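For reference, the structure is listed below as structure tokens.
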Amino acid sequence: MANHKSAAKRARQDEKRRARNRQITTRVRSAIKKLHAELKKDDSAATIGALRNAESLIRRAASKGAIPKTRASRSISRLAKTTNQLSTN
């Protein structure tokens, strides 16, 4: 438990940020799972929509600081690469 007023405030802020970051990362993971499900269905229109949604959420999470920007770029690149490979086959 925090003994100083500033430490107590810091603990409250950390708790809020942790909750916000967990919500954001959960939404990102769900979007990626939906994209993988669409890839298995072989529906190109739905797959492109799911990719756009996932990319948007990943970029938003990176801009909020929930995930590092380099990880966001890497995961978007990998998702796009996988989508393009499976859609051309």
Side-chain angles (χ1 to χ4, degrees):
M1 195 66 212
N3 291 323
H4 293 278
K5 187 176 179 181
S6 61
K9 180 178 178 180
R10 195 51 141 155
R12 288 194 309 270
Q13 288 174 336
D14 290 342
E15 194 173 329
K16 283 182 184 177
R17 289 186 180 115
R18 186 168 55 249
R20 187 179 309 128
N21 288 344
R22 284 187 62 176
Q23 181 185 23
I24 292 169
T25 53
T26 301
R27 290 183 68 194
V28 168
R29 271 193 247 114
S30 297
I32 292 171
K33 286 177 190 175
K34 287 177 185 173
L35 174 60
H36 287 302
E38 292 297 335
L39 285 169
K40 289 181 183 175
K41 291 181 186 176
D42 289 335
D43 183 12
S44 62
T47 303
I48 291 169
L51 176 64
R52 284 186 181 154
N53 183 39
E55 182 179 352
S56 172
L57 289 173
I58 292 169
R59 288 196 193 279
R60 193 174 305 147
S63 70
K64 303 278 185 192
I67 62 172
K69 290 187 186 329
T70 52
R71 189 193 310 167
S73 295
R74 185 171 58 244
S75 61
I76 289 168
S77 174
R78 288 176 179 170
L79 290 172
K81 183 178 171 184
T82 306
T83 304
N84 289 335
Q85 284 176 349
L86 294 176
S87 65
T88 56
N89 290 338

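Along the sequence shown, the residues carry numbers beginning at 1. Worth saying up front: this structure is predicted, and the values here are computed from it rather than measured.
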Output for pair (Asn53 CG, Ser30 OG), nearest 0.5 Å, gives 10.5 Å
Could you tell me if the side chain of Arg17 sits less than 4.5 Å from the side chain of Asp14, heavy atoms only? yes
Side chains of Arg20 and Gln23 only: does a donor on one sit below 3.5 Å from an acceptor on the other? no
- Item | Ala80 backbone acceptor or donor facing Asn84 side chain under 3.5 Å | yes
Between Thr82 and Leu39 the two heavy atoms that sit nearest each other are CG2-CD1, 4.1 Å
Checklist entry - So do His36 and Lys40 actually touch side chain to side chain, heavy atoms under 4.5 Å? => result no
When every non-hydrogen atom of Thr47 is compared with those of Leu35, the smallest separation belongs to O-CD1, 3.6 Å
(request) Would you kindly say whether Arg22 and Thr26 are connected by a side-chain donor-acceptor distance under 3.5 Å? (result) no
request  = Examine Leu86 and Leu79 and state if one hydrophobic cluster contains both, with Ile, Leu, Val, Met, Phe, Trp and Tyr joined whenever side-chain heavy atoms are less than 4.5 Å apart.
outcome  = yes
Item to complete: Answer yes or no: is there a side-chain heavy-atom contact under 4.5 Å between Gln13 and Arg10?
Response: yes
Between Glu38 and Lys34, is there a salt bridge with N-O shorter than 4.0 Å? no
Do the side chains of Ile67 and Ile24 get nearer than 4.5 Å, heavy atoms only?
no
In terms of heavy-atom contacts, Ala2 and Ala8 come closest through CB-N, 3.4 Å
What one should report as the nearest heavy-atom pair of Ala72 and Ser75 is O-OG, 3.0 Å
Next on the checklist: Within the supplied structure, the quantity of interest is the number of heavy atoms (other residues, nucleotides, ligands) at a distance under 6.0 Å from Arg52 CZ; does it exceed 12?
Outcome noted: no
Given 3.5 Å as the limit, does a donor-acceptor pair link the side chain of Ser63 with the main chain of Arg60, or not? yes
Value for OG1 (Thr25) from CD1 (Ile58), rounded to nearest 0.5 Å, stands at 12.0 Å
